[in-house]
Amino acid sequence: MSGVPVRFRNISQFEFYNTAIDIRVRITRLVTSSAVPKSYRFTFAVPMAQTARSMVYNIVTADAFYPNSEDAVTLRKRHLTLAIADCEQLYQDMQCLLAMGLPVPVSRLDEISEALDREIELLKGARKGVKLIGKR
């Protein structure tokens, strides 16, 4: 046994799922920390946390559709595309944080940006790999 608590073990074979969970945790920690002043938390924390939640939701929903029909393939690709759009929206929110001149540590935003870049790359690869399975 590795000594890693069960709650910290990977629960999926999909790397993009684990990365999405990590991004959601980082975003939640950022917007609820002292890095974002309390007067701006409602403006930024709620939408950013909801967008990160939506990204994970879309990935989970995409996995629920087994691609054995054209409709299921379309739905899976649609939800992966929505997850990519959520990543892009998080970029926009972080840019707004910086544009407002808030004292947010740029290093924390850089870490999240790198994770978002990786997530978009993984999601695009997963979306490209969705193919019809079974009889045609």
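Numbering of residues begins at 1 and proceeds along the displayed sequence. Here the structure is a predicted model, which is why all the values come from computation and not from measurement.
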Could you give me the CA-CA distance, side-chain angles and deciding distance for V36 and M100, then say whether side chain to side chain contact (heavy atoms under 4.5 Å, CB included) is met? CA-CA 11 Å; V36 178; M100 295 285 296; over 6 Å; no

Would you call the rings of F65 and H79 parallel, tilted or perpendicular if under 30° counts as parallel and over 60° as perpendicular? parallel

State plainly whether one hydrophobic cluster holds both [X] and [Y], where clusters connect Ile, Leu, Val, Met, Phe, Trp and Tyr through side-chain heavy atoms under 4.5 angstrom apart.
X: I84; Y: V56; value: yes
X: V104; Y: F42; value: no
X: V73; Y: V60; value: yes
X: L122; Y: I120; value: yes
X: L80; Y: I21; value: yes

Kindly check if the number of other-residue, nucleotide or ligand heavy atoms within 6.0 Å of CZ (R26) is above 12? yes

With a cut-off of 6.0 Å (strictly less than), are more than 12 heavy atoms of other residues, nucleotides or ligands near CZ of R127? yes

Going from [atom1] on [X] to [atom2] on [Y], what distance comes out if it is rounded to the nearest 0.5 angstrom?
X: E111; Y: D22; atom1: CD; atom2: CG; result: 9.5 Å
X: L102; Y: Y40; atom1: CG; atom2: OH; result: 5.5 Å
X: L116; Y: L109; atom1: CG; atom2: CG; result: 10.0 Å
X: E119; Y: E15; atom1: CD; atom2: CD; result: 9.0 Å
X: L30; Y: F44; atom1: CG; atom2: CZ; result: 10.5 Å
X: S113; Y: I23; atom1: OG; atom2: CD1; result: 10.0 Å

Would F16 and R118 count as a side chain to side chain contact (heavy atoms under 4.5 Å, CB included) here? Give the steps. CA-CA 8 Å; F16 58 85; R118 179 74 179 138; over 6 Å; no

R29 vs R108, side chain to side chain contact (heavy atoms under 4.5 Å, CB included): CA-CA, chis, key distance, verdict: CA-CA 10 Å; R29 283 186 183 149; R108 288 181 77 178; 4.1 Å; yes

Taking every non-hydrogen atom, the tightest pair across [X] and [Y]:
X: V130; Y: P67; value: CG1-CB, 4.3 Å
X: L132; Y: N68; value: CD1-C, 3.6 Å
X: L123; Y: A83; value: CD1-CB, 3.8 Å
X: M48; Y: M94; value: CE-CG, 3.8 Å
X: S34; Y: R41; value: CA-NH2, 3.4 Å
X: I27; Y: I112; value: CD1-CG2, 3.8 Å

Taking it one step at a time, do I59 and M55 satisfy side chain to side chain contact (heavy atoms under 4.5 Å, CB included)? CA-CA 6 Å; I59 291 169; M55 176 184 54; 4.3 Å; yes

Which residues pass the side chain to side chain donor-acceptor pair (under 3.5 Å) test with D63, not counting sequence neighbours? none

Set of residues satisfying side chain to side chain donor-acceptor pair (under 3.5 Å) with respect to R24, sequence neighbours excluded: none

State, without any angle test, whether S54 and D86 hold a side-chain donor-acceptor pair at a distance under 3.5 Å. yes

For T61 and R76, which I'm curious about, is there any donor-acceptor pair between the side chains at under 3.5 Å? no

